[in-house]
Amino acid sequence: MRQRVITHIAGLCLAAVFVWTAGCDAVEPVERDLLVVEAFVETGRPLPALTVRRTRPLNARYPFDETTAVRDAEVVYRADGQTVPFLPDPSRAGRYLPVTNDPAPVPDRTSFSVEVNWHGERATARSLVPPAISIDRIEVDVPPHPIPAVFADSLSLNLREGFLYPVEVTIWWDTDFAETGADSAYWVRTRLTPPGTFPSAVVGFFLRTEQILRENQMEDLGNGRRRWVGVYGVPVESDTSRMPVHELEVALLRGTQDYARYAASRNAPEHREPVSNVQGGIGIVAGVSIDRRRIEIRPE
Amino acid sequence: MFFTVSKCWWPIICLLLAAVPPAYGQSLQLDLVDEALAGALEQVQQQAGINLVYAERLVDGRFVTCSYRGASVTDALKCVLDGTGLQAEQVRRRQFVLVLADPMADAYPRGSIAGYIRDDETGEVLQGAHVFLPELRMGTVTNSAGYFAISRLPAGQYRVRVSYLGFEPAELDLRPDASEVDIYLSATAIEGEGITIEQRRGLPNELTTVPGLVPVPARQLAALPTFLGEKDLFQALQWVPGVQTPGEIGGELIVRGGESDQNLYLLDGVPVYHPWHTFSLFSTFQTETLKEVRLYKGAFPAEFGGRLSAVMDAHVKDGSRPDIKVMGGLSLVSARLMAEGPLTDRLSFMAAARRSYLDLIFGRRRPIRSTDGTADTLRIGYYFYDLNTKLTYRLSRNERISFTVYSGSDDLDVRIPFQSLLDPEEQIKSGGLALATAHEWGNEIYNVRYQNLLRERLFLTASIYRTHYRATESAFVQPTTSASVDSDYGVRIRDHGARVDIDYFHSLAHQIRGGFHVVEHDFSSMLDAVVRLSAGAVDSLRQSGRLSAIEVSGYIQDTWQPARRWRLQPGVRMSYFTQGGYFNVTPRFFVRYDAIPDRMAFKAGSSMQVQYMHRIRDRYSFVYDLSSSRWIPAGRNVLPGSGLNLSLGAEAMPFDYLNLSADVYWRRFRNVLFPEDEYRFKDGLEGPGIEVGTLLAQYTPGYGTAYGAEITADYGWGDWSTWLTYALGRSFQRPAGTDPGDAYPTRFDIPHSFQGALAWSNGRWTAAVTAELRSGYPFTVPTARYGIGDPLDGDGLYLHRPSVHNGRLPAYMRVDLALGYHFSLMGLSWQTQLQVFNLTNRRNVIARQYDPDLNIVRPTDRVGLPIVPVLEIGIEW
């Protein structure tokens with residue numbers, strides 16, 4: 001009887017060995033370099049330069065120069081039956097310029113694709129050029145006096161009291177097209193760029209210097225009018241300090257969902273990489289419409 | 001096809017096929033002249049392929065003459081037994097019992113051996129105890145009332161073997177008659193009148209048909225080392241092969257690749273939706289209040305439903321002791337007190353309370369005043385408690401009613417005025433700047449259960465219950481006088497249910513169990529958040545929702561013993577869920593084959609499951625939805641999850657002191673929810689909201705697959721016991737609409753896990769060492785670096801992560817120790833236990849991060865806890 005038991009156990013062990021060998025790990029080290037494609041086609045402007053780089057191993061530095069540039073790729077842009085080849089820009093490695101006799105602006109709602117071929121690698125991406133966007137009005141509200149605030153890095157106990165002017169910036173624009181069909185899927189990105197960086201992570205959570213929003217889910221103030229309110233902080237020395245005169249860049253961008261995903265995933269490089277829309281490589285190819293303004297901010 | 005048989009399964013299938021017995025012939029030919037009756041019966045057995053059970057004293061000295069040709073076994077036996085005064089009674093297919101014929105009776109009387117199995121020390125009834133008739137090689141398992149019945153037995157005396165894990169098996173002789181017996185099992189070898197304690201002669205689970213069922217005797221749990229000395233059920237269950245706890249000290253259970261919300265946690269049959277304290281560090285199940293825990297790791301019987309992965313069925317003590325016993329204990333985290341015993345002849349009780357006490361020692365509360373005169377209060381406090389009560393009233397010997405109440409809660413209350421963190425000389429000029437958060441969550445359970453032996457073979461269990469989980473989270477942060485966030489969030493799920501279960505002990509071959517369960521689920525949630533960035537930039541989010549659904553289910557299953565070595569358990573469960581109008585029929589089937597009686601058995605099982613609710617979480621805001629469980633029902637926009645479990649198991653006992661078991665399993669889940677963006681993490685004040693549709697947008701339905709093998713060796717000799725386990729397990733998931741090749745490992749995919757425990761006890765001293773060596777958790781490894789720009793931001797450096805969970809942390813290894821000493825002092829029984837967590841002080845890597853901005857990217861590791869010794873004291877009187 002005991003012999004039969006041992007025989008059966010041996011069979012089980014054999015089965016276990018089979019099962020063991022079936023279990024394989026999922027680590028797939030990438031040894032070859034990948035193409036990194038970056039192209040932003042702007043509404044109402046001529047075809048832009050685009051960039052082709054490649055990935056590098058973790059144990060190598062990554063300068064934005066010829067070390068990482070792809071200099072000899074075949075790059076083609078296609079839109080509405082038109083094919084435009086791109087050639088390397090001899091003045092800047094990795095940059096490619098359109099070869100065309102017609103530097104006409106790219107009309108909105110143009111559906112286009114970009115194809116990059118390099119040493120047997122092929123990367124492609126598609127996107128759509130959105131309707132043009134324009135900042136209609138900017139309103140700035142600066143409090144008369146600085147307010148006290150607790151400055152801290154993250155939630156550490158190393159706190160100190162400081163003072164800041166919270167500057168409220170409101171921008172308006174019009175969505176002057178019917179948001180139906182493909183036009184219902186645009187996203188806008190707003191951005192305030194004051195000089196310098198704000199010194200406290202905790203207070204930083206209560207500032208809103210940029211946002212990415214689905215445009216048709218924003219409140220319609222009538223006839224497609226939209227509004228966004230942002231807040232940035234200007235730290236000062238004391239509760240009697242005047243706010244320094246400074247320049248603020250206000251930017252408004254309209255793009256597709258691919259761009260929105262890309263832009264929204266760029267903020268934590270230690271955790272994640274930007275969401276790519278490039279097949280066969282990584283990167284972003286997107287149609288965008290941008291309006292930028294620089295304004296001077298003075299205390300009231 | 002739903003699945004294909006991979007190469008891994010063929011050896012197991014071949015092994016099972018090899019174990020199938022040959023077909024029996026039916027042509028009988030007997031020519032007996034003055035043949036010894038024993039020899040004649042042996043000829044019949046061999047020719048007919050049947051099993052005859054008889055006492056030797058009935059056949060010794062008897063001789064028969066008989067001639068028979070034909071195919072009828074009954075006629076052949078009549079021929080052989082003619083004139084002997086004996087008669088053959090068929091008890092099941094191919095099995096007969098020889099009894100004395102009674103010419104005066106119209107029909108041969110049959111009876112039942114029935115009764116209750118109890119713990120000799122406490123008097124508690126033992127659910128799941130095995131009652132086995134070795135001569136017939138058949139038996140039964142006690143139900144939730146500890147009741148068993150082996151019905152329609154021919155008159156005579158039968159040897160009965162009773163066994164239960166953690167207790168010494170007992171053997172006794174019983175006759176089928178109308179009265180129920182009480183059989184007491186003892187953890188130590190005590191021989192009583194009519195009861196003998198034998199050396200273990202059978203497999204410990206000799207009647208279990210369900211592979212992956214782990215009966216966990218409560219008294220064995222207390223001996224294992226636990227984190228911070230808490231007597232915690234979930235920490236003890238992590239030593240079961242195939243069961244993992246997330247992270248180093250997490251309290252949630254990951255069973256065979258399933259997610260924690262796919263487990264059904266039952267306390268006296270009532271679901272507990274969030275059975276955790278201290279942010280899931282400890283469970284709400286105190287081991288001292290439990291008399292039995294059964295963990296179904298894979299396929300589970302038809303009586304259980306509503307979850308996909310596993311069922312943990314815990315039962316609270318009845319307090320059936322003959323005298324009142326009081327126990328108290330003090331660990332590093334909590335103090336506990338438990339009492340049980342009789343109140344009257346018919347009424348018994350169990351009452352237990354546990355409360356953490358660190359807030360009483362370290363909690364702080366003091367007034368704070370700013371220079372502008374604003375008064376504020378510093379508060380730092382956290383505690384949890386459990387109250388557990390059970391009253392059992394015995395209406396008669398076979399009829400009783402019990403009332404279980406459980407209430408447990410966690411309360412975190414923190415308010416830190418920023419003034420209190422500043423240098424005393426540097427005071428904030430405006431008061432009110434503070435950080436405050438309050439979390440409170442808990443469960444309440446009320447359960448009334450009625451049990452009655454309606455007839456000798458019909459046992460009724462009926463219960464009505466209410467289970468309620470609620471959680472609130474509030475947060476307030478004001479770092480400047482113009483900016484603040486003020487948020488209140490709450491979720492609740494409340495069930496009102498009723499269930500009826502009936503055990504019908506039909507015959508020797510059939511034990512039928514059926515039931516009906518109806519429950520009303522009530523889900524509600526609320527969010528009121530105001531984020532003020534400046535005077536003109538104020539965002540408010542006020543949302544609330546309430547959903548209700550009724551789930552109706554019924555089941556029936558038969559435990560069928562068609563032949564000596566076979567035990568089958570077919571069953572089916574039907575359920576209907578009003579949200580979405582889902583109706584599902586989920587069959588279950590289990591089979592057990594005793595390849596070598598008492599020494600080796602094989603088991604197989606399959607079951608389909610449906611889960612009508614999902615647990616999801618907002619993945620954007622770090623202000624709310626942090627500690628609570630948000631359950632949502634299936635509906636039109638979210639399908640119920642479904643699953644298929646297949647398991648094969650084998651048990652062997654090559655020596656009396658060594659038990660070996662092995663299980664292989666394969667399981668697949670459909671329509672389970674995964675995060676739509678695996679890399680998304682809470683990083684802002686505001687989330688998109690808590691409406692079900694909004695939350696579902698953060699998830700994607702998908703498939704899960706898991707397979708593996710588990711091997712356990714259990715060795716017990718004298719004062720020593722040890723077990724070693726190895727578990728191989730892989731678990732993958734992929735979103736719907738992707739190819740099977742796109743599946744990636746789940747968060748807690750553990751390909752290899754070795755666990756071992758060595759325990760020793762001499763009555764006064766106890767010692768246990770446990771060790772775990774396992775693969776590291778999956779994590780996403782960058783493989784390259786690149787730079788890319790943006791029209792607004794400019795260039796940035798990033799790390800390329802080609803796929804989710806494409807790498808693995810280093811292997812994890814930990815050794816824990818528990819050393820206990822029992823002594824008497826001042827008339828009390830004392831137990832002290834030294835618990836050492838991470839005895840070797842190994843710093844295991846529990847997380848890894850990469851910074852893309854470095855010249856050369858190297859990982860930065862976060863390591864786990866160092867060695868943590870804890871002393872615990874317990875008292876009994």
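In this text, all values refer to a predicted model and were calculated from it rather than measured experimentally. Basis for what follows: all heavy atoms, side chains included, without hydrogens, waters or symmetry-related copies.
- The greatest number of non-hydrogen atom pairs below 4.5 Å with chain B, out of A:R266, A:R208, A:E168, A:H271, is found for A:R266.
- With A:E273 contributing its side chain and B:R801 its backbone, the two residues share a donor-acceptor pair below 3.5 Å.
- Residue contact with chain A, scored on non-hydrogen atoms closer than 4.5 Å, involves the side chain of B:E686 exclusively.
- Heavy-atom distances place no part of B:Y744 under 4.5 Å from chain A, backbone and side chain included.
- Contacts of A:T67 classified as side chain to side chain donor-acceptor pair (under 3.5 Å), with partners at least two apart in sequence or in another chain: A:D65.
- Contact of B:R532 with chain A is made through the backbone alone, with heavy-atom distances under 4.5 Å.
- Here the straight-line distance linking atom CZ of A:F64 with atom CG of B:D795 works out to 4.5 Å at 0.5 Å rounding.
- Annotation: side chain to side chain donor-acceptor pair (under 3.5 Å) contacts of B:R862 (sequence neighbours excluded): none.
- Contacts of A:I284 with chain B are made by both backbone and side-chain atoms, with heavy-atom separations under 4.5 Å.
- Separating the CG atom in A:L252 from the CG atom in B:L792 is a distance of 9.0 Å, to the nearest 0.5 Å.
- Interface remark: of the candidates B:T780, B:D851, B:D793, B:D793 forms the most heavy-atom pairs closer than 4.5 Å to chain A.
- No side-chain donor-acceptor contact under 3.5 Å links A:D33 and B:Y786.
- The residue among A:E42, A:R292, A:E249 with the most heavy atom pairs within less than 4.5 Å of chain B is A:R292.
- A donor-acceptor pair is defined here as one N or O able to donate and one able to accept, closer than 3.5 Å; such a pair exists between the side chain of A:E38 and the backbone of B:G789.
- The existence of a salt bridge linking A:R191 and B:D790 is excluded, since no basic side-chain nitrogen approaches an acidic carboxylate oxygen closer than 4.0 Å.
- B:P791 has its side chain within reach of A:Y259: a pair of non-hydrogen atoms, C-beta onward, lies under 4.5 Å apart.
- Heavy atoms closer than 4.5 Å to chain B are found in the side chain of A:A251, but not in its backbone.
- Classification of A:R261 and B:D677 as a salt-bridged pair fails, no side-chain N sitting under 4.0 Å from a carboxylate O.
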